[in-house]
K.L.:
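Sending over a structure as structure tokens; questions will come in a sec.
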Amino acid sequence: METRVYFIFFLILFISYFNINYASDADLFATSRYSELPIPSAVGPESIAFDCHGGGPYVGVSDGRIYKWQAGNWSEFAIPTANRNRALCDGTTDPNLESICGRPLGIKFNRATCDLYIADAYFGLLMVGPNGGVARLLANFAQGVSFRLTNALDIDEQTGIVYFTDSSMIYQQRQYLSSFNTRERTGRLLRYDPNINLVTVMAWGLAFPNGVALSKDKSFLLVAEGGTQRILKFQLNRAFSTPQLFRQLNRIPDNIKRNQEGHFWVALNSGRTFTRTIPNTFQDPIGIKLDQGGNILQYLNGYGSDLLNSVSEIVEHRGNFYLGSAIKPFVGILRA
């Protein structure tokens with residue numbers, strides 16, 4: 001009897017210590033901080049962008065298209081290729097059609113030119129003008145090796161240089177879990193210079209490199225290495241930079257987005273595993289904000305809701321957090 005009492009006591013103490021108290025989806029909506037922009041047919045608004053006039057959001061979805069939100073509705077903004085089969089592709093959520101229809105993952109506008117750059121998992125690095133339409137292929141290989149899983153990007157708006165990741169040289173997007181399961185390290189960090197139309201390899205042998213973010217002063221680049229659950233830092237003022245550890249994490253990092261203050265929002269897209277690096281009073285981190293030294297400034301709470309169990313990107317824009325997802329049929333919005 002005494003043993004049982006001690007067991008119950010320590011069980012209650014353990015639960016109190018970790019403060020795991022997940023809310024329901026209804027509780028999330030009840031906070032009045034959360035809303036959604038439903039995608040009409042496709043799913044997976046992995047990455048989110050706003051144009052040089054603040055319009056949008058824009059998202060890339062599972063059927064290969066780029067959508068733009070305007071006047072309370074989504075409308076088609078761009079497609080990856082001119083010969084895309086609309087009858088087959090429009091509205092599809094079938095991963096086996098991605099190599100035919102396209103699968104845009106990373107997107108971002110160059111605010112200096114208003115052009116939208118697209119990292120399409122199958123077609124490579126693309127660009128489309130301010131009025132949308134058919135995207136133009138910029139690159140699909142580097143140093144003789146074709147891209148296999150073009151993933152995320154960021155842009156130096158002064159030089160026009162695009163930094164982006166090719167997450168694996170073995171597996172494609174629809175097979176991405178195999179990259180984690182086999183612990184392979186064939187990912188690359190790449191640099192596209194539009195002035196000479198050349199792609200160079202900045203780093204290789206990475207474990208599923210994903211999100212990319214350029215520092216505000218353009219002196220360094222951050223890369224989310226999913227396979228090792230860490231953020232790497234590459235100095236850009238050197239001809240060749242050995243990556244430095246910027247931050248070790250206890251969840252898999254996805255995309256990284258820099259805000260106006262120069263801080264970095266890292267989406268944590270790996271389920272509900274609680275970690276001791278999170279304060280006990282904090283329930284469900286779906287993202288963290290890091291300063292330029294890698295220190296944690298803020299956590300974004302997902303309230304334990306299934307609606308936010310797959311957050312791929314966090315974009316801070318005009319007092320709101322816009323939340324991307326690789327699988328959900330909506331863009332989530334949390335008021336800051």
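Computed from a predicted structure; not experimentally measured.
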K.L.:
Would you say L308 ends up clustered with I314 if hydrophobic residues are merged whenever their side chains have heavy atoms under 4.5 Å apart, either directly or through other cluster members?
P.N.:
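Result: yes, single cluster for both.
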K.L.:
Tell me whether the rings of F208 and F180 are parallel (<30°), tilted (30 to 60°) or perpendicular (>60°).
P.N.:
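Judged by the thresholds at 30° and 60°, the geometry between F208 and F180 is tilted.
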K.L.:
Of R185, R188, E184, R148, which meets side-chain hydrogen bond (donor to acceptor under 3.5 Å, both in side chains) against S168?
P.N.:
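Only match with S168 under side-chain hydrogen bond (donor to acceptor under 3.5 Å, both in side chains): E184.
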K.L.:
Could you go step by step and tell me if N210 and N255 meet the side-chain contact (heavy atoms from CB on, under 4.5 Å) rule?
P.N.:
CA-CA 6 Å; N210 198 336; N255 291 339; 3.3 Å; yes
K.L.:
Could you go step by step and tell me if L153 and Y192 meet the side-chain contact (heavy atoms from CB on, under 4.5 Å) rule?
P.N.:
CA-CA 10 Å; L153 60 85; Y192 170 74; over 6 Å; no
K.L.:
Start with the C-alpha gap between V331 and L323, add the side-chain angles, then the distance that decides, and say whether side-chain contact (heavy atoms from CB on, under 4.5 Å) holds.
P.N.:
CA-CA 6 Å; V331 173; L323 310 177; 5.8 Å; no
K.L.:
Give, for atom NZ of K218 and atom OG1 of T159, the distance between the pair rounded to the nearest 0.5 Å.
P.N.:
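One gets 8.0 Å once the value is rounded to the nearest 0.5 Å.
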K.L.:
Heavy-atom distance under 4.5 Å between the side chains of S305 and Y34, does that happen here?
P.N.:
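The answer is no; the side chains never approach within 4.5 Å.
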K.L.:
Look at the rings of F220 and F264 and say which category their plane angle falls in: under 30° parallel, 30 to 60° tilted, over 60° perpendicular.
P.N.:
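Judged by the thresholds at 30° and 60°, the geometry between F220 and F264 is tilted.
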K.L.:
Are any non-hydrogen side-chain atoms of R65 and D90 less than 4.5 angstrom apart?
P.N.:
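R65 vs D90: side chains touch.
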K.L.:
When you group the ILVMFWY residues by side-chain heavy-atom contacts below 4.5 Å and let the links chain together, are I296 and I231 in the same group?
P.N.:
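Same cluster: I231 reaches I296 through Ile, Leu, Val, Met, Phe, Trp or Tyr contacts under 4.5 Å.
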K.L.:
What distance do E313 atom CD and D254 atom CG have between them, rounded to the nearest 0.5 Å?
P.N.:
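It comes to 8.0 Å.
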K.L.:
Please tell me whether V128 and F123 are part of a single hydrophobic cluster in this structure, the criterion being side-chain heavy atoms less than 4.5 Å apart.
P.N.:
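Yes, same cluster.
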K.L.:
Is any side-chain heavy atom of P45 closer than 4.5 Å to one of Y322?
P.N.:
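Sidechains of P45 and Y322: no contact.
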K.L.:
Got a sec: does the CZ of R84 have more than 12 other heavy atoms crowding it under 6.0 Å?
P.N.:
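Yes, because the 6.0 Å sphere around CZ of R84 holds more than 12 heavy atoms from other groups.
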K.L.:
Out of L222, V223, L232, which one pairs with P243 under the side-chain contact (heavy atoms from CB on, under 4.5 Å) rule?
P.N.:
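Only one option passes, and that is L232.
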K.L.:
Taking the six-membered ring of F246, is the NZ or CZ of K233 close enough (under 6.0 Å from the centre) and on axis enough (within 45°)?
P.N.:
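No, K233 does not sit over the ring of F246.
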K.L.:
So among T150, T186, N151, which one has a side-chain hydrogen bond (donor to acceptor under 3.5 Å, both in side chains) with S167?
P.N.:
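The residue from T150, T186, N151 that satisfies side-chain hydrogen bond (donor to acceptor under 3.5 Å, both in side chains) with S167 turns out to be N151.
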K.L.:
Give the intermediate values and the outcome of side-chain contact (heavy atoms from CB on, under 4.5 Å) for residues Q172 and L149.
P.N.:
CA-CA 5 Å; Q172 293 187 303; L149 205 171; 5.6 Å; no
K.L.:
Walk me through whether S219 and D217 qualify under side chain to side chain donor-acceptor pair (under 3.5 Å).
P.N.:
CA-CA 5 Å; S219 66; D217 65 2; 2.8 Å; yes
K.L.:
Do any N or O atoms from the side chain of R33 and from the backbone of R335 form a donor-acceptor pair under 3.5 angstrom?
P.N.:
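Indeed, once roles are kept as given, a pair shorter than 3.5 Å links the two residues.
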K.L.:
Ring centres under 6.0 Å, that's the criterion: do F164 and Y117 meet it?
P.N.:
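No, the ring centres sit 6.0 Å or more apart.
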K.L.:
So does E261 pair up with K289, basic N to acidic O under 4.0 Å?
P.N.:
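Salt bridge flag = no for K289 with E261.
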K.L.:
Under a plain distance cut-off of 3.5 Å, with no hydrogens placed, do S178 and Q175 share a side-chain donor-acceptor pair?
P.N.:
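The criterion, which ignores hydrogens and geometry beyond distance, is not satisfied for S178 and Q175.
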K.L.:
Say whether I107 and V134 are linked into one hydrophobic cluster, either directly or through other cluster members, by side-chain heavy-atom distances under 4.5 angstrom.
P.N.:
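No: no chain of side-chain contacts under 4.5 Å links I107 to V134.
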K.L.:
Are the charged groups of D154 and K108 less than 4.0 angstrom apart, N to O?
P.N.:
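A salt bridge links D154 with K108.
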K.L.:
Taking the side chain as every heavy atom from C-beta outward, state whether I118 and P80 have any atom pair closer than 4.5 Å.
P.N.:
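No. Closest side-chain heavy atoms not under 4.5 Å.
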K.L.:
Looking only at atom types and distance, does a side-chain atom of S62 sit under 3.5 Å from a main-chain N or O of T92, one as donor and one as acceptor?
P.N.:
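Flag set: sc S62 to bb T92 pair under 3.5 Å.
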K.L.:
Which heavy atom of S41 sits nearest to which heavy atom of Y67, and what is that distance?
P.N.:
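Here S41 and Y67 meet closest at OG-OH, 3.6 Å.
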K.L.:
Taking the six-membered ring for Trp and the single ring otherwise, decide whether the centroids of Y58 and F109 are under 6.0 Å apart.
P.N.:
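Yes, the ring centres sit under 6.0 Å apart.
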K.L.:
Provide the closest heavy-atom pair for P253 versus Q229 in the form atom of the first, atom of the second, distance.
P.N.:
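Smallest heavy-atom distance, with atoms named: CD-CA, 3.7 Å.
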K.L.:
Could you tell me which non-hydrogen atom of A142 sits nearest to which non-hydrogen atom of V199, and how far apart they are?
P.N.:
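Here A142 and V199 meet closest at CB-CG1, 3.6 Å.
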K.L.:
Between the main-chain N or O of V59 and the side-chain N or O of W69, is there a donor-acceptor pair closer than 3.5 Å?
P.N.:
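Side chain of W69 to backbone of V59: no pair is present.
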K.L.:
What's the separation between atom CD1 in I66 and atom CZ in F77, rounded to the nearest 0.5 Å?
P.N.:
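Between atom CD1 of I66 and atom CZ of F77 there are 8.5 Å.
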K.L.:
Tell me, do I288 and L249 make a side-chain contact under 4.5 Å, heavy atoms counted?
P.N.:
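Sidechains of L249 and I288: in contact.
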K.L.:
Would you say V61 and I48 are hydrophobically clustered, going by side-chain heavy atoms of ILVMFWY under 4.5 Å?
P.N.:
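Yes; tracing contacts between hydrophobic side chains, which count when under 4.5 Å, links both residues.
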K.L.:
What's the shortest heavy-atom distance between R174 and N96, and which atoms?
P.N.:
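Nearest pair, atom of R174 first, then N96: CD-OD1, 3.9 Å.
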K.L.:
Where do A152 and G211 come nearest, in terms of heavy atoms and distance?
P.N.:
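The pair with the smallest heavy-atom distance is CB-CA, 3.7 Å.
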K.L.:
Determine whether the side chains of N110 and D115 contain a donor N or O and an acceptor N or O closer than 3.5 Å.
P.N.:
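Note: N110 and D115 side chains miss the donor-acceptor criterion.
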K.L.:
Could you tell me whether the side chain of K328 reaches within less than 4.5 Å of the side chain of N309, counting heavy atoms only?
P.N.:
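They are in contact (side-chain heavy atoms under 4.5 Å apart), so the answer is yes.
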K.L.:
Give, for atom CD1 of I333 and atom CG of L37, the distance between the pair rounded to the nearest 0.5 Å.
P.N.:
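Going from the CD1 atom of I333 to the CG atom of L37 covers 4.0 Å.
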K.L.:
Would a 4.5 Å heavy-atom cut-off, applied to side chains only, mark L300 and E316 as touching?
P.N.:
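No, side chains not in contact.
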K.L.:
Would you compute the distance between atom OH of Y122 and atom OG1 of T81 and round it to the nearest 0.5 angstrom?
P.N.:
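Answer for the OH-OG1 pair, Y122 versus T81, is 14.5 Å.
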K.L.:
Can you find a heavy atom in the side chain of P57 that is under 4.5 Å from one in the side chain of F50?
P.N.:
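Touching, per the 4.5 Å side-chain cut-off.
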K.L.:
Identify the two heavy atoms, one from P104 and one from D120, that lie closest to each other, and give their separation to 0.1 Å.
P.N.:
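For P104 and D120, the tightest heavy-atom pair comes out as N-OD2, 3.4 Å.
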K.L.:
How many angstroms lie between atom CG of L198 and atom CG of D193, to the nearest 0.5 angstrom?
P.N.:
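Going from CG on L198 over to CG on D193, the span is 7.0 Å.
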K.L.:
Donor-acceptor pair, distance only, cut-off 3.5 Å: does the side chain of K257 make one with the backbone of A213?
P.N.:
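Answer holds: no.
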